[in-house]
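Note that the structure is predicted; figures quoted are calculated from it, not measured. Letters A, B, ... are given to chains in the order of the sequence lines, protein chains preceding strands, and every chain is numbered from 1.
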There are 2 protein chains.
Amino acid sequence: MKKKQSTREEILDAIFMLVYINGYNGTSMSMILKECNIPKGSLYHYFKSKKEMVLAVIKERLAPRMDKFYNFTDNENKHSIDILIDTIINISQKEQLIKYGCPLNRLNQEMSSIDKDFESAITQIYNHIREKIVLLLNKSNLEKDINIEKLSEFVIANVWGALSLSPTQSSKKRYLDTISYLIDYLKSLKN
Amino acid sequence: MKKKQSTREEILDAIFMLVYINGYNGTSMSMILKECNIPKGSLYHYFKSKKEMVLAVIKERLAPRMDKFYNFTDNENKHSIDILIDTIINISQKEQLIKYGCPLNRLNQEMSSIDKDFESAITQIYNHIREKIVLLLNKSNLEKDINIEKLSEFVIANVWGALSLSPTQSSKKRYLDTISYLIDYLKSLKN
DNA sequence: CTTTAATTAGACTGAATGGTCTATCTTAAT
DNA sequence: ATTAAGATAGACCATTCAGTCTAATTAAAG
């Protein structure tokens, strides 16, 4: 029994998946209409344009998803580095991420250079998750001369990069192989 | 004085830049026509469809560009790791790469999951450059238990990731900051 | 010079695009 | 029961899309 969702929520869910896989320009209104099985009048009742729809998806679907994903368990015993490593490894469990890469990164590459509104919405999410990693890493001692801001960007770059490699052979194993050196390096930074 | 190029070559150059920045679905025939300042008849005389044009761009522009970029100087004296580091740092000199990211990675994320022909053309280039890195690293001694295949993917993932981070603040400095830890790590692998 | 092939030119086509509009139906408040 | 707001429905619109077609022009070959 599926939980009854409001029409607006259903629309956001459908658009999220369509845009995730096909991109913004690769997703047409007719695809959205078909996927939602909703008349055009309803769609444009809730949103005033395609762009508004996708910006809403970014704020109401993508942002919470990213936030939840990097919601580090507040485990006082564990070293920050180990919590971070757990999170990175945990990504390998998400089939969609392995198959299609990071939805934020995909949208970023497609839209940020051609639309300011997309750019700022995406940058906001990016800064937010980077800050969360910074906060996490500040909790434990690291090797001296480690700039935590830079290290956080390095970690994100690694994960996004590993998820974006040629998808033909994309698999959980391949992702874990690729980030194994990142994990190596992170471990070496524990005071 | 600009070198006289054949019409076909001019078309490929124009499409390369348009697709690099706007993506495949974000680039329309009218944009291409305008940029080339060439009538439609000529365009469709050389290529039978938009898709054929972009596949030709991948093979005749993107592939050689990538190949040339990872054409490691055959310096016998230098350690492979140092040659690789030089190449990675050299990327910071390319303004376009810093601003828009890796063209192969952009196209990969947009097209690989929705079109098999794009996927295979892109994967081919990807495998090729990875093999070049593998060959390079095989020339010098590294720490034992280093799997060079995996390490090569790790390096590519890093660079692509670093180039794809939120573009608002994208800059040479930021790129270099992000990969500084990669360079650290690579140095530590020299026997 | 003549013939043939390559190229240029752009008007035109049908389908698809994002978006509008009015009418109807449903729900909730009075 | 009445009214008003919210939501559904889909026909319709101008524009743009990728692609076709025929005619004119240019270049190459004999």
Side-chain angles (χ1 to χ4, degrees), chain A residues 2-61 107 110-111 114-119 121, chain B residues 2-61 107 110-111 114-119 121:
Chain A
K2 63 177 73 166
K3 198 159 127 210
K4 167 77 168 135
Q5 266 200 124
S6 79
T7 308
R8 191 174 179 281
E9 303 304 305
E10 276 176 38
I11 294 169
L12 290 177
D13 285 337
I15 296 178
F16 174 84
M17 278 311 295
L18 285 171
V19 172
Y20 180 17
I21 291 162
N22 305 102
Y24 179 81
N25 286 312
T27 302
S28 67
M29 289 310 299
S30 63
M31 289 164 78
I32 294 171
L33 260 2
K34 197 177 172 186
E35 184 69 22
C36 297
N37 202 22
I38 269 171
K40 219 165 200 181
S42 298
L43 249 187
Y44 282 93
H45 170 71
Y46 291 104
F47 307 97
K48 75 173 212 273
S49 70
K50 181 186 172 191
K51 182 175 166 179
E52 290 298 321
M53 290 173 207
V54 178
L55 286 174
V57 165
I58 293 173
K59 277 157 199 154
E60 300 174 39
R61 286 290 178 279
L107 212 48
E110 183 188 4
M111 299 305 295
I114 53 178
D115 189 297
K116 289 283 166 207
D117 297 318
F118 277 87
E119 189 199 287
Chain B
K2 60 178 72 169
K3 200 159 129 210
K4 167 84 166 124
Q5 267 199 125
S6 79
T7 308
R8 190 173 180 282
E9 303 304 304
E10 278 176 36
I11 294 169
L12 289 179
D13 286 337
I15 297 178
F16 174 84
M17 277 310 295
L18 285 170
V19 172
Y20 181 16
I21 291 161
N22 305 101
Y24 179 81
N25 285 312
T27 302
S28 66
M29 290 309 298
S30 63
M31 289 163 78
I32 293 171
L33 262 359
K34 197 178 173 186
E35 183 71 20
C36 297
N37 203 21
I38 270 169
K40 220 163 200 181
S42 298
L43 250 187
Y44 280 95
H45 169 71
Y46 291 104
F47 306 96
K48 74 173 214 274
S49 69
K50 182 186 171 190
K51 181 174 167 179
E52 290 298 321
M53 291 174 206
V54 178
L55 287 173
V57 166
I58 293 174
K59 276 157 200 156
E60 299 174 40
R61 287 291 178 278
L107 211 49
E110 182 188 5
M111 300 305 295
I114 53 177
D115 188 297
K116 289 281 166 209
D117 297 318
F118 277 87
E119 189 198 286

Under 3.5 Å for both distances, Watson-Crick or G-U wobble, that's the pair rule; now give the dot-bracket for DNA chain D, with | marking pairs to another strand and [ ] for crossing ones. ||||||||||||||||||||||||||||||
Side chain to side chain donor-acceptor pair (under 3.5 Å) partners of B:Lys59, counting only residues at least two apart: none
To the nearest Å, give me how far apart CD (A:Glu9) and P (D:dA7) are. 12 Å
I'd like to know if the side chain of A:Glu110 reaches the main chain of B:Gly23, judged simply by a donor and an acceptor atom lying under 3.5 Å from each other, with no hydrogens or angles considered. no
Might you point out which heavy atoms bring B:Tyr24 and B:Val19 nearest each other, and give the distance in Å? N-CG1, 4.0 Å
Inter-residue atom distance B:Glu52.CD - B:Ser49.OG, 0.5 Å rounding: 4.5 Å
With distance as the sole test, does A:Arg61 use its side chain to make a donor-acceptor pair with the main-chain N or O of A:Ala56 at under 3.5 Å? no
Can you tell me how far apart CG (B:Leu18) and CE (B:Met31) are? Round to the nearest 0.5 Å. 5.5 Å
Mind listing the N/O atom pairs, protein and nucleotides 24-27 of chain D, below 3.5 Å?
none

Within residues 48-60 of chain B, those residues having any heavy atom closer than 4.0 Å to DNA chain D are B:Ser49, B:Lys50
For the residue pair B:Phe118 and B:Ile58, what are the closest heavy atoms and their distance? CD2-CD1, 3.7 Å
Report each atom pair, protein N/O against N/O of nucleotides 6-9 of chain C, whose distance is under 3.5 angstrom.
from, atom 1, to, atom 2, distance (Å)
C:dT7, OP2, B:His45, NE2, 3.1
C:dT8, OP1, B:Thr7, OG1, 3.1
C:dT8, OP2, B:Tyr46, OH, 3.2

Measure from NZ on B:Lys34 to C1' on C:dG10 and round the result to the nearest Å. 18 Å
Over how many whole Å does the gap from A:Phe47 atom CZ to C:dG18 atom C1' extend? 16 Å
Can you list, by residue number, the residues of residues 17-32 of chain B that have a non-hydrogen atom closer than 4.0 angstrom to DNA chain C? none
Whole-Å gap separating P (C:dA16) and CG (A:Leu33): 14 Å
Approximate separation, where rounding is to 0.5 Å, of B:Met53 CE and B:Ile15 CD1: 5.5 Å
CG/A:Leu55 to CD/A:Glu60 distance, rounded to the nearest 0.5 angstrom? 10.5 Å
Can you tell me if B:Lys50 uses its side chain to pair, donor with acceptor, with the backbone of B:Thr27 under 3.5 Å? yes
For a quick test of reading the model, state the closest non-hydrogen atom pair linking B:Ile11 to B:Cys36 and the distance between them. CA-SG, 3.9 Å
Got a second to check how far B:Met29's CE is from B:Tyr44's OH, nearest 0.5 Å? 3.5 Å
Which atom pair, heavy atoms only, marks the closest approach of B:Asn22 to A:Ile114? ND2-CG2, 3.4 Å
Given atom OH of A:Tyr44 and atom P of C:dT22, what is their separation to the nearest angstrom? 17 Å
Reported CG-to-CZ distance for the pair A:Leu12 and A:Phe47, which is rounded to 0.5 angstrom: 4.0 Å
Atom NZ of residue position A:Lys51 - does it have more than 12 heavy atoms of other residues, nucleotides or ligands inside 6.0 Å? yes
